[in-house]
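Here's the structure we're looking at; comments come further down.
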Amino acid sequence: VQLQAYGGGLVQAGGSLRLSCAASGDILSIGAMGWYRQAPGEQRKLVATITSGGNPNYADSVKGRFTITRDSAKDTVVLQMNSLKPEDTAVYYCNAQRDYGLGREPAEYDYWGQGTQVTVSS
């Protein structure tokens, strides 16, 4: 599976950005998809995920500001980020969980896209 991420960039605080991620390859092995982020000096953290059935899950820090959606027909996941804050600055990574229909495989088998930089200026 290959994950191609699009979007990101520089925005002022209070602004909006949109990240997209398209999956290709063995898409039948994909379960939930989502986004993680990693700020300098910090560990990679979950931002939002969405199941194949469309159920979202958000980190507390982004609830009410970010919206994740998924187009299963196009194997694409989108993260709409509104009311951005400087603390949202990070490299954002698209993620897809490996799942052959019997539940998620161990996280070490997750698929990852290349990171995309999001910078929010104050």
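Annotation: side chain of Thr89 is not in contact with side chain of Leu84 (no heavy-atom distance under 4.5 Å). Proximity of Phe66 to Gln80: side-chain heavy atoms (C-beta onward) are nowhere separated by under 4.5 Å.
Cluster annotation: Ile30 is connected to Tyr100 through the hydrophobic network of ILVMFWY side chains, with a link wherever side-chain heavy atoms come within less than 4.5 Å. A single hydrophobic cluster is not seen to contain both Val91 and Ile68; linkage of ILVMFWY side chains at heavy-atom distances under 4.5 Å, directly or through other members, places them apart.
Lys45 meets the side chain to side chain contact (heavy atoms under 4.5 Å, CB included) test with Glu42; sequence neighbours excluded. Checked against salt bridge (charged side-chain N to carboxylate O under 4.0 Å, His left out), Lys63 has the following partners two or more places apart in sequence or in another chain: Asp60. Under the rule for a salt bridge (charged side-chain N to carboxylate O under 4.0 Å, His left out), Arg44 has no partner lying at least two apart in sequence or in another chain. Residues passing the side chain to side chain contact (heavy atoms under 4.5 Å, CB included) test with Ser61 are Arg37, Ala59, sequence neighbours excluded.
Taking both residues in full, the closest heavy atoms of Met33 and Cys94 are given as CE-SG, 4.4 Å, listed atom of the first, atom of the second, then distance. The two residues Val1 and Ser29 come nearest to each other via the heavy atoms CG2-OG, 3.7 Å.
Once rounded to the nearest 0.5 Å, the distance linking CG of Leu79 with OG1 of Thr69 reads 8.5 Å. Note that OG1 of Thr76 is 11.0 Å distant from CD of Gln4, once rounded to the nearest 0.5 Å.
A distance-only check finds a donor-acceptor pair linking the side chain of Arg65 to the backbone of Ser83 [under 3.5 Å].
Under the salt bridge (charged side-chain N to carboxylate O under 4.0 Å, His left out) criterion, the residue pairs touching residues 107-122 are Arg104-Asp110, with sequence neighbours excluded. A ring pair (Phe, Tyr, Trp, His ring centres under 6.0 Å) check over residues 15-50, counting only residues at least two apart or in different chains, returns the pairs Tyr36-Trp112. Pairs engaging residues 77-97 under the ring pair (Phe, Tyr, Trp, His ring centres under 6.0 Å) rule: none recorded [sequence neighbours left out].
Through direct or relayed side-chain contacts under 4.5 Å between Ile, Leu, Val, Met, Phe, Trp and Tyr, Val78 connects to no other residue. Taking Ile, Leu, Val, Met, Phe, Trp and Tyr as hydrophobic and joining them when side-chain heavy atoms fall under 4.5 Å apart, one finds Tyr6 isolated, its cluster having no other members.
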Could you pull out every donor-acceptor pair under 3.5 Å between side chains of residues 47-56 and any protein atom, sequence neighbours left out?
unit_1, atom_1, unit_2, atom_2, d
Thr51, OG1, Gly53, N, 3.2
Thr51, OG1, Gly54, N, 3.3
Thr51, OG1, Asn55, N, 3.0

For a quick test of your reading: what N or O donor-acceptor pairs under 3.5 Å do the side chains of residues 10-23 make, sequence neighbours left out?
unit_1, atom_1, unit_2, atom_2, d
Ser16, OG, Asn82, OD1, 2.9

Under 3.5 Å donor-acceptor pairs involving side-chain atoms of residues 114-122, not counting sequence neighbours:
unit_1, atom_1, unit_2, atom_2, d
Gln114, NE2, Ala5, O, 3.2
Thr116, OG1, Gly7, O, 2.8
Gln117, NE2, Ala90, O, 3.4
Gln117, NE2, Thr119, OG1, 3.3

